[in-house]
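To start, the structure itself, in structure tokens.
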Amino acid sequence: MSERINIAVLVSGGGTNLQALIDACESGIIKSGEIKVVISSSPEAYALKRAANGGIKAAVVDKKKCAGREAFEAGIVKILEDEKIDLIVLAGFMCILSEAFTKKYADRIINVHPSLIPSFCGEGFYGLKVHEAALSYGVKVTGATVHFVNEIPDGGKIIMQKAVKICKNDTPKVLQERVMKQAEWIILPKSVELVSKELLKERR
Ligand code: GRF
């Protein structure tokens with residue numbers, strides 16, 4: 001097996017983006033990195049089942065059980081260090097990371113957001129709320145963005161975007177599904193491979 005960087009995927013819910021990453025590792029779309037661990041902020045996340053089915057180590061750092069964000073992030077850092085992680089991928093991860101955390105892992109954290117940033121992003125724009133905002137504004141095109149994570153919610157450098165048409169009578173749920181299928185699940189694996197390849201080059 002050729003040299004690969006170590007990837008951690010952080011999740012909170014259904015894990016459809018994690019599934020896209022697992023499938024991309026199996027199909028060879030991702031070949032410069034290996035998912036070493038999935039870390040969930042919730043013990044109920046279906047993403048944990050997907051990790052188990054994919055034979056991938058998983059851990060829970062239960063946000064609700066932690067005494068504040070510092071303790072929560074310390075629990076995550078412990079796992080990242082134990083697993084010697086090079087790249088952190090936020091895939092449906094519903095927690096805002098502190099400035100200290102994003103600086104500690106500067107240019108090593110990427111996130112998928114379900115809109116074409118800078119539209120419909122930042123504080124309060126997550127999950128279905130993003131699609132509700134797009135529909136109520138009346139935009140004809142939306143999509144997804146993969147970006148580096150910094151201290152500004154959805155503010156880091158953009159890596160990749162993919163546009164998705166909005167159809168007549170779209171509901172937020174229907175639109176979310178289309179954006180996931182036609183954009184998120186395509187550009188997140190491609191972005192992970194792009195960044196992993198760059199990180200491998202930096203090693204040499
Ligand atoms: C997706 O819309 C993703 O863009 C957002 O969270 C939703 C659920 O993601 N960040 P997943 O199914 O848990 O990967």
Side-chain angles (χ1 to χ4, degrees), residues 7-26 29-30 35 37-54 56 58-64 76 87-97 101-102 109-136 139 141-150 152-156 158-166 170-192 195:
I7 297 168
V9 182
L10 274 51
V11 297
S12 298
T16 64
N17 279 288
L18 167 66
Q19 192 62 57
L21 294 172
I22 293 170
D23 297 346
C25 290
E26 277 159 20
I29 290 172
I30 297 176
I35 303 173
V37 63
V38 171
I39 304 174
S40 176
S41 62
S42 159
E44 282 93 47
Y46 188 74
L48 291 166
K49 185 115 180 60
R50 295 181 191 273
N53 293 342
I56 298 168
V60 175
V61 180
D62 190 339
K63 192 160 192 300
K64 290 198 184 104
I76 292 174
L87 178 63
I88 301 161
V89 181
L90 309 185
F93 186 66
M94 293 298 173
C95 312
I96 300 289
L97 294 164
F101 188 102
T102 59
I109 313 171
I110 67 176
N111 178 52
V112 60
H113 180 76
S115 78
L116 295 176
I117 290 174
S119 300
F120 314 116
C121 66
E123 204 80 38
F125 284 101
Y126 55 87
L128 276 179
K129 291 175 189 287
V130 175
H131 306 291
E132 285 160 5
L135 290 171
S136 66
V139 292
V141 173
T142 184
T145 303
V146 178
H147 61 94
F148 283 106
V149 173
N150 62 15
I152 303 155
D154 302 325
I158 289 175
I159 300 165
M160 208 176 284
Q161 294 188 301
K162 191 168 188 299
V164 172
K165 271 212 175 73
I166 289 182
D170 265 349
T171 64
K173 196 76 193 121
V174 165
L175 182 55
Q176 180 181 52
E177 283 294 318
R178 189 179 312 119
V179 168
M180 286 202 270
K181 279 198 183 76
Q182 294 183 10
E184 295 177 43
W185 300 344
I186 294 167
I187 62 173
L188 185 59
K190 285 185 177 172
S191 300
V192 166
V195 174

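Just so we're clear, the structure is a prediction, and the values are computed from it rather than from any experiment. In listed order, ligands and their atoms are each counted from 1.
From the protein, the heavy atom lying nearest to atom 6 (O) of ligand 1 is M94 CE, 3.4 Å. Summary of contacts: the protein heavy atom closest to atom 2 (O) of ligand 1 is E184 OE2, 3.4 Å. Among all non-hydrogen protein atoms, the one lying nearest atom 12 (O) of ligand 1 is T16 OG1, 2.6 Å. Scanning all protein heavy atoms for the shortest distance to atom 14 (O) of ligand 1 gives N17 N, 2.8 Å.
The main-chain N or O of F120 is found under 3.5 Å from a side-chain atom of S115 such that the two form a donor-acceptor pair. A donor-acceptor contact shorter than 3.5 Å is absent between the side chain of R50 and the backbone of N17.
For ligand 1, the atoms closer than 4.0 angstrom to any heavy atom of G92 are 6 (O), 9 (O), 10 (N), 13 (O). For ligand 1, the atoms lying closer than 4.0 Å to a non-hydrogen atom of V112 are 10 (N). Atoms of ligand 1 lying under 4.0 Å from any heavy atom of Q176, numbered from 1 in the order shown and given with element: 2 (O).
By the 4.0 Å heavy-atom criterion, G15 is counted among the residues contacting ligand 1.
The side-chain heavy atoms of L90 and L97, taken from C-beta on, include a pair separated by under 4.5 Å.
Within a 6.0 Å radius of CZ in F148, more than 12 heavy atoms belonging to other residues, nucleotides or ligands are found.
Each of L87, I88, V89 was checked for a side chain to side chain contact (heavy atoms under 4.5 Å, CB included) with I109, and the lone residue meeting it is I88.
For the 3.5 Å distance criterion, the side chains of S41 and S12 qualify, holding a donor opposite an acceptor.
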